[in-house]
Amino acid sequence: MNIRSLTRGDGVVIGAAVVLFIASFLDLSGYECPSGVDCSGYSANAWDSLSVLMGIYLAGIIGAALLIVSRAMPGRKVVGFELGQFGAAFTVYSLWTMFWTIIDAGDAGAGLILGLLATLALAGGAVATPLVPALKAPLMGAPRPAQAVQPAYGSQPGQGYGYPGAQQQFGTQPGQQQPEHQAAPQASQGGGAPAGDFTPFWFAVPVARPLYGEDGAPNPIAELAPGTWYLAVEQRGPGLVAQTQDGRRGVLQDTTGIQRG
């Protein structure tokens, strides 16, 4: 999984899951044992109670894992529900159970208190990420394309489409000089290329976006991740036909805010 596809909300979810895991090893009760008395039952942590461990701590951690896995496999469903929906439900259930457990506890220990804070952050991050623009922003921004020191393969500056860091004419081979009539775009036929021409270019998306099949299927075939450069090979209405690094082609329907290379 490309780490640049993670959002700030995903970062909150991951951090809260780590805190919840740590809290599972802390005491559930804050009862202070008198000297000379066996208080082993009061110093138990979540791992000493299967119902508490599975219903609160592991439920929240599993929910966080499902949310992150859904980023790597967008559109993947289980019994009709997406993995991200399952993950969000697990985190809310973990918070709900923790809330009533800590109310019922006579003297909550560090494991319950820290667990409550972690489940609050976990459920909040899972539910609010699709709704809050600040949480939908990428966790790590896309790197700026490197500037070319000199034109590649002998092409003239400013010609062709540019992969970040190179000015290469589309379709040329290394060491092959471009024909003069291609370097000057049809000056004798109206002073420019026809309006319907499309020049391939490299681009990056600001946030993770689904790539749909060219056959119009409703389920995405891939997810374009921020920080990775993709090749736009064709204009398809308001969208672009993009090609991934492994050669798959699909339609990017949402092209707002893309960064051209």
Side-chain angles (χ1 to χ4, degrees), residues 1-18 62-78 81-88 91 122 125-147 161-166 168 170 198-261:
M1 177 180 178
N2 190 344
I3 192 174
R4 295 188 183 277
S5 66
L6 298 179
T7 64
R8 294 176 181 173
D10 295 329
V12 172
V13 168
I14 294 173
V18 172
I62 291 172
L66 290 175
L67 286 168
I68 301 306
V69 170
S70 68
R71 292 290 182 188
M73 297 184 294
R76 186 63 60 89
K77 295 184 178 182
V78 178
F81 295 94
E82 294 185 359
L83 288 179
Q85 295 174 325
F86 265 112
T91 60
L122 188 60
V127 174
T129 295
L131 306 175
V132 180
L135 294 178
K136 293 169 64 177
L139 187 61
M140 300 179 63
R144 299 294 300 177
Q147 297 296 324
Y161 74 99
Y163 180 81
Q168 178 183 354
F170 182 70
F198 179 84
T199 303
F201 62 89
W202 296 89
F203 71 94
V205 291
V207 295
R209 287 178 180 169
L211 188 69
Y212 296 92
E214 296 187 77
D215 57 357
N219 294 329
I221 63 171
E223 183 181 64
L224 303 188
T228 302
W229 295 96
Y230 302 94
L231 180 64
V233 297
E234 182 184 336
Q235 186 82 32
R236 185 72 58 85
L240 292 172
V241 177
Q243 179 173 314
T244 62
Q245 292 86 349
D246 56 7
R248 288 182 293 174
R249 287 173 47 140
V251 179
L252 175 64
Q253 298 179 353
D254 185 5
T255 60
T256 56
I258 65 172
Q259 177 184 354
R260 293 174 67 114

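For reference, positions follow the sequence shown, starting with 1.
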**Study point:** Heavy-atom closest pair, residues Gly239 and Thr255
**Key:** CA-CG2, 4.1 Å

Review point. Which heavy atom of Gly125 sits nearest a heavy atom of Val12, and at what distance?
Key: CA-CG1, 4.3 Å

Point to revise | Side-chain touch Val207/Thr7, heavy atoms, less than 4.5 angstrom | key: no

Point to revise | Close side-chain approach of Leu240 and Val251, heavy atoms under 4.5 Å | key: no

Applying side-chain contact (heavy atoms from CB on, under 4.5 Å), name anything that partners [X], two or more places apart in sequence or on another chain.
X: Leu66; result: Ile62, Leu83, Phe86, Phe90
X: Val132; result: Ala128, Ala134, Leu135
X: Ala137; result: Arg8
X: Phe203; result: Phe201, Val205, Leu224, Tyr230, Ala232, Ala242, Leu252, Ile258

Supply the atom-to-atom distance [X] [atom1] to [Y] [atom2], rounded to the nearest 0.5 angstrom.
X: Trp202; Y: Gln259; atom1: CH2; atom2: CD; result: 14.0 Å
X: Leu231; Y: Gln245; atom1: CG; atom2: CD; result: 10.0 Å
X: Asp10; Y: Ile68; atom1: CG; atom2: CD1; result: 4.0 Å

Review point. Please, which pairs that meet salt bridge (charged side-chain N to carboxylate O under 4.0 Å, His left out) have at least one residue in residues 229-245, sequence neighbours excluded?
Key: Glu214-Arg236, Glu234-Arg236, Glu234-Arg249

**Study point:** Under the salt bridge (charged side-chain N to carboxylate O under 4.0 Å, His left out) test, residues paired with Arg209 that sit two or more places apart
**Key:** Asp254

Review point. Can you check whether Leu67's main-chain N or O pairs, donor with acceptor, with Ser70's side chain at less than 3.5 Å?
Key: yes

